[in-house]
Trainee: 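One structure, as structure tokens, below. Some questions next.
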Amino acid sequence: MASRGKSETGKLKQNMEEQLDRLMQQLQDLEECREDLDEEEYEETKKETLEQLSEFNESLKKMVTGNMTLVDELGGMQLAIQAAISQAFKTPEVIRMFAKKQPGQLRTRLAEMDRDVMVGKLLKDVYTQQKVEIFTALRKLGEKLTPEDEAFLAENMTTTLSQFEKVTADLGSEDKIMALASSGVEKTKA
């Protein structure tokens, strides 16, 4: 990773150029073989190739708007997010469920914690910390929290979790965040 993505960016660019060359060659071959094909087969093949070219163009537009220096740009974000996650979430189980997009299991864990704190099996401060982590993860997964849950979260949110919420909101795409969070979980397991 010392190259900070130069080789990955180079490979991506090469793959994109090869894809474009393949599609252009396909169109050229189609025109050269036009007499050998019946009209319907020619039109269908040309239509499919043009659709592939259109899809390629759309993915290229997305990359261009996101910039082609993928790892340089995203690498910095990844490091920031991993640092935020490692400090914001102290419970590996919550990190794992968050990274795997498992809101149902997060809610089940919350119910178990509610029970455990009532019977004295879980300390109140640990309960509060983990409950805040779970609510934050649920919110980031797009789950609706009750007004009571929101009030609890606002009252007990730590500065680190608040910063995590701000960083991830500023970055935008939840899928990118989830992918980066997943890589953070793998490092946590090691």
Side-chain angles (χ1 to χ4, degrees), residues 1-89 92-106 136-143 163-190:
M1 186 108 158
S3 70
R4 299 299 303 147
K6 289 182 183 175
S7 64
E8 292 85 352
T9 301
K11 286 178 188 175
L12 176 64
K13 186 178 179 207
Q14 180 183 354
N15 287 345
M16 299 299 282
E17 288 171 351
E18 288 172 1
Q19 174 76 358
L20 180 60
D21 289 345
R22 184 188 65 75
L23 289 169
M24 291 301 165
Q25 185 63 49
Q26 195 170 318
L27 279 175
Q28 184 178 343
D29 292 345
L30 185 62
E31 290 303 321
E32 290 174 3
C33 297
R34 185 173 187 165
E35 298 110 36
D36 301 337
L37 302 171
D38 64 272
E39 191 63 25
E40 184 180 326
E41 190 177 15
Y42 168 78
E43 289 298 327
E44 185 177 305
T45 307
K46 185 172 183 178
K47 181 182 174 197
E48 287 174 6
T49 304
L50 291 174
E51 284 174 5
Q52 289 175 12
L53 201 51
S54 178
E55 290 172 9
F56 175 76
N57 187 44
E58 286 302 315
S59 64
L60 191 58
K61 281 181 190 176
K62 289 177 185 174
M63 285 185 203
V64 168
T65 58
N67 197 336
M68 281 291 283
T69 56
L70 295 176
V71 178
D72 287 346
E73 296 289 330
L74 296 177
M77 287 184 230
Q78 182 178 22
L79 294 174
I81 290 173
Q82 285 174 344
I85 289 172
S86 67
Q87 293 174 21
F89 292 108
E93 185 179 8
V94 173
I95 296 171
R96 187 173 44 258
M97 287 185 269
F98 172 64
K100 290 184 176 183
K101 296 183 178 183
Q102 298 173 324
Q105 288 181 307
L106 285 165
T136 302
L138 287 169
R139 185 190 285 169
K140 281 292 155 194
L141 291 172
E143 294 289 306
Q163 289 170 345
F164 172 72
E165 282 233 303
K166 183 183 180 333
V167 167
T168 56
D170 290 347
L171 291 176
S173 172
E174 294 295 324
D175 289 333
K176 287 181 199 169
I177 293 164
M178 291 300 116
L180 297 174
S182 294
S183 66
V185 168
E186 296 306 317
K187 289 181 181 172
T188 303
K189 289 180 184 175

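For the numbers below, each heavy atom of this structure counts, side chains included, while hydrogens, waters and symmetry mates do not.
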Trainee: How long is the gap from CG on Asn15 to CZ on Arg22, to the nearest 0.5 Å?
Mentor: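 Rounded to the nearest 0.5 Å, the CG-CZ separation comes out at 12.0 Å.
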Trainee: Could you grab the distance from atom NZ of Lys47 to atom CD of Glu51, nearest 0.5 Å is fine?
Mentor: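 The CD atom of Glu51 is 5.0 Å from NZ of Lys47, to the nearest 0.5 Å.
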Trainee: Could you check whether Arg34 pairs with Glu41 (Lys NZ or Arg NE/NH1/NH2 to Asp/Glu carboxylate O, under 4.0 Å)?
Mentor: no
Trainee: What's the separation between atom CD in Glu55 and atom CD in Gln19, rounded to the nearest 0.5 Å?
Mentor: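 Answer for the CD-CD pair, Glu55 versus Gln19, is 9.5 Å.
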Trainee: Counting only heavy atoms from other residues, nucleotides and ligands, does the tally under 6.0 Å from CD of Glu31 exceed 12?
Mentor: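 Yes.
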Trainee: Mind checking the CD-CG spacing from Gln102 to Leu138? Nearest 0.5 Å is all I need.
Mentor: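 Taking CD in Gln102 and CG in Leu138, the distance rounds to 11.5 Å.
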Trainee: Between Gln52 and Glu48, is there a side-chain donor-acceptor contact under 3.5 Å, judged purely by atom types and distance?
Mentor: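 Note: Glu48 and Gln52 side chains miss the donor-acceptor criterion.
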Trainee: Roughly how far, to the nearest 0.5 Å, is CD of Gln25 from CD of Glu32?
Mentor: 7.0 Å
Trainee: Which heavy atom in Ala137 sits nearest to a heavy atom in Leu106, and how many Å separate them?
Mentor: CB-CD1, 3.9 Å
Trainee: Nearest 0.5 angstrom please: Glu44 CD to Thr49 OG1, how far?
Mentor: 10.5 Å
